[in-house]
Amino acid sequence: MTTATAIVAGHGLALRRSLHLSKPSCATFSARALPPAAHCCRTVVAAAAPSSRACRCRSVSSESSTAAAADTADDEEEETKSDSEEEEMDPLAEVCYLDPEADAEGIREWELDFCSRPILDARGKKVWELVVCDATLSLQFTRFFPNTSINSVTLRDALASVATSLGVPLPDRARFFRSQMQTIISRACNELGVKAVPSRRCVSLLLWLEERYETVYSRHPGFQSGTKPLLTLDNPFPTSLPENLFGDKWAFVQLPFSAVREEVESLERRYAFGAGLDLDLLGFELDENTLIPGVAVESSRAKPLAAWMNGLEICSMEVDTGRANLILSAGVSTRYVYAGYQKSAATTQEAEAWEAAKKACGGLHFLAIQENLNSDGCVGFWLLLDLPPPPV
């Protein structure tokens, strides 16, 4: 059995505490306490060196220090090769790449960013850049623009040129993570028949921007060190959860990494609702028994709830221990008080341990919606990831 609730029975998904999911002030605790955080993964390894196709933007590992030491020589050799490749990269070059093994017709979603970079042109003005990729980085496209041509028409024509240059169809959807660019991006996409989706689930794009900062922008002759991003990410104060998104109960849970991989790989077959992440692309190399923290939600309206949640572009969950609240982040600038709990030394310790477990796993966590916390199936499953804002 491999559904999320069957994992409770068969794979060791340990329910820690069960809380009612009515109004935050009414929530109460019951059930078992949180296991020690030492059972979770341990080490976050530095990002892998860039290549012509960034197949792994970062690496998260739970290998022991002994095993890591045994691989030091190989790592140093790989780093030397990667450094040579980096030296050959032209920071003035633009990218127009499609993996020859990729199914061009099957790339139906793009991730895009259209923003200024910490680079000055000959006029002393900031350079803007369009960056486009898909979730697997099989498609990659970049183009620089002067700040005098930043409008929806420029973006529309540039997006159309991505399709024509690479010989791929325009996507059905295009995700973007900067709320300040929503008007320009939405207008450009609408004119092309593409649905613009504000979402921080642009994980591949965000990690690629981190890489480009090190390998391209910082090596550009016009680079301005210490320049802050022009359009920073919003992090608004959380608001009340809409009534249709309330469940009945929730619980902190944990799931072995091997079972998480199974859920992601079979997500489309098993659930009508949910979203996964490409764990190989992201460089997660955790031990199969590493416990990944998550939140399970019980609802007598599990299917309608999962359907509503599915339209939110859920990106992460966190605990505000000061206010004893569970916070849900969605879209690009939406944060909800998802639930509350009775604040005490024990519940605070449990919440802090859950956050520590998440941090130890490189920010990886999940949300599962069930008809019953002890039932034999999940209605929805979302794999989530905490990421820092991009450096640009």
query = Minimum heavy-atom separation for A339 to W250, with atom names?
reply = CB-NE1, 3.2 Å
query = Run the salt bridge (charged side-chain N to carboxylate O under 4.0 Å, His left out) check on R173 and E109 step by step: do they pass?
reply = CA-CA 5 Å; R173 293 154 48 95; E109 293 188 357; 3.0 Å; yes
task = Check the angle between the aromatic planes of H220 and F144 and answer parallel, tilted or perpendicular using the 30° and 60° thresholds.
result = perpendicular
message = So, taking the atom named CZ in R335 and the one named SG in C315, what distance separates them when rounded to the nearest 0.5 Å?
response = 9.5 Å
request  = Check whether any side-chain heavy atom of R108 sits under 4.5 Å from a side-chain heavy atom of P171, and report yes or no.
outcome  = no
key: Polar side-chain atom of E318 near backbone of I327 as donor-acceptor pair, under 3.5 Å   = no
request  = Starting at OG of S329, measure out to CD of E313 and round the result to the nearest 0.5 Å.
outcome  = 13.0 Å
ask   = Counting N and O atoms only, with roles assigned by atom type, does the side chain of N190 sit under 3.5 Å from a partner on the main chain of S186, one being a donor and the other an acceptor?
value = yes
request  = Check whether any side-chain N or O of K358 sits under 3.5 Å from a backbone N or O of M317 as a donor-acceptor pair, and report yes or no.
outcome  = yes
message = Could you walk me through whether K195 and D172 satisfy the salt bridge (charged side-chain N to carboxylate O under 4.0 Å, His left out) test, starting with their C-alpha distance in whole Å, then the side-chain angles of each, then the deciding distance to 0.1 Å, before giving a yes or no?
response = CA-CA 6 Å; K195 182 178 180 180; D172 299 324; over 6 Å; no
ask   = Roughly how far, to the nearest 0.5 Å, is the CG atom of L98 from the CD1 atom of I107?
value = 5.5 Å
ask   = When you look at D113 and V132, which way does the side chain to side chain contact (heavy atoms under 4.5 Å, CB included) test go after all the steps?
value = CA-CA 7 Å; D113 183 41; V132 180; over 6 Å; no
note = Taking every heavy atom of N325 against every heavy atom of G340, the minimum-distance pair comes out as OD1-CA, 3.7 Å
inquiry  = Closer than 4.0 angstrom, basic N to acidic O: yes or no for R117 and E129?
reply    = yes
task = Treat each ILVMFWY residue as a node, draw an edge where side-chain heavy atoms are under 4.5 Å apart, and state whether F177 and L137 are in one component.
result = yes
message = I'd like to know if L192 and F176 are part of one continuous hydrophobic network [Ile/Leu/Val/Met/Phe/Trp/Tyr, side-chain heavy atoms within less than 4.5 Å].
response = yes
message = Determine whether a donor-acceptor pair (N or O, by modelled atom type, separation under 3.5 Å) exists between the side chain of S316 and the backbone of L384.
response = no
query = Can S204 and T136 be said to form a side chain to side chain contact (heavy atoms under 4.5 Å, CB included), step by step?
reply = CA-CA 7 Å; S204 298; T136 66; over 6 Å; no
request  = Please check if L155 and F145 belong to a single hydrophobic cluster, counting links between Ile, Leu, Val, Met, Phe, Trp and Tyr side chain heavy atoms closer than 4.5 Å.
outcome  = yes
Contact check, side chains of M309 and I369, non-hydrogen atoms, under 4.5 Å = yes
ask   = Taking all atoms of both residues into account, what is the closest heavy-atom pair of L373 and E298, and its distance?
value = N-OE1, 3.2 Å
message = Among D386, L282, T290, L279, which residue satisfies the side chain to side chain contact (heavy atoms under 4.5 Å, CB included) criterion with L364?
response = L279
ask   = Is it the case that more than 12 heavy atoms not belonging to R323 sit under 6.0 Å from its CZ atom?
value = no
request  = Taking S218 for its side chain and Y213 for its backbone only, find out whether a donor-acceptor pair lies under 3.5 Å.
outcome  = yes
inquiry  = In this structure, would L209 and L277 fall into the same cluster of hydrophobic residues linked by side-chain contacts under 4.5 Å?
reply    = yes
request  = Please find out if less than 6.0 Å separates the ring center of F114 from that of W128.
outcome  = yes
ask   = Are any of the side-chain heavy atoms of H365 and W354 separated by less than 4.5 Å?
value = yes
Non-hydrogen side-chain atoms of L120 and K125 separated by less than 4.5 Å = no
query = Is the side chain of R201 donor-acceptor paired with the backbone N or O of I314 at a distance under 3.5 Å, no angle test?
reply = yes
Closest approach of L130 to A158 (non-hydrogen atoms, all atoms of both residues) = CD2-CB, 3.6 Å
request  = Could you tell me whether R261 and D280 have a side-chain N and a carboxylate O separated by less than 4.0 Å?
outcome  = yes
inquiry  = Between E111 (side chain only) and L205 (backbone N and O only), is there a donor and an acceptor less than 3.5 Å apart?
reply    = yes
request  = Could you tell me whether the side chain of D320 reaches within less than 4.5 Å of the side chain of V337, counting heavy atoms only?
outcome  = no
key: Side chain D134, main chain L139, donor-acceptor under 3.5 Å   = yes
ask   = Is a side-chain N or O of T348 found less than 3.5 angstrom from the main chain of S344, in a donor-acceptor match?
value = yes
ask   = What about the rings of F141 and Y97, do their centers lie closer together than 6.0 Å?
value = no
query = Looking at side-chain heavy atoms only, is the closest gap between L206 and V203 below 4.5 Å?
reply = no
Cluster link V260 to L387, ILVMFWY, side chain under 4.5 Å = yes
task = Taking atom CZ of R301 as the centre, report whether more than 12 heavy atoms of other residues, nucleotides or ligands fall under 6.0 Å from it.
result = yes
remark   = NZ of K249 to CG of N372, rounded to nearest 0.5 Å, is 7.5 Å
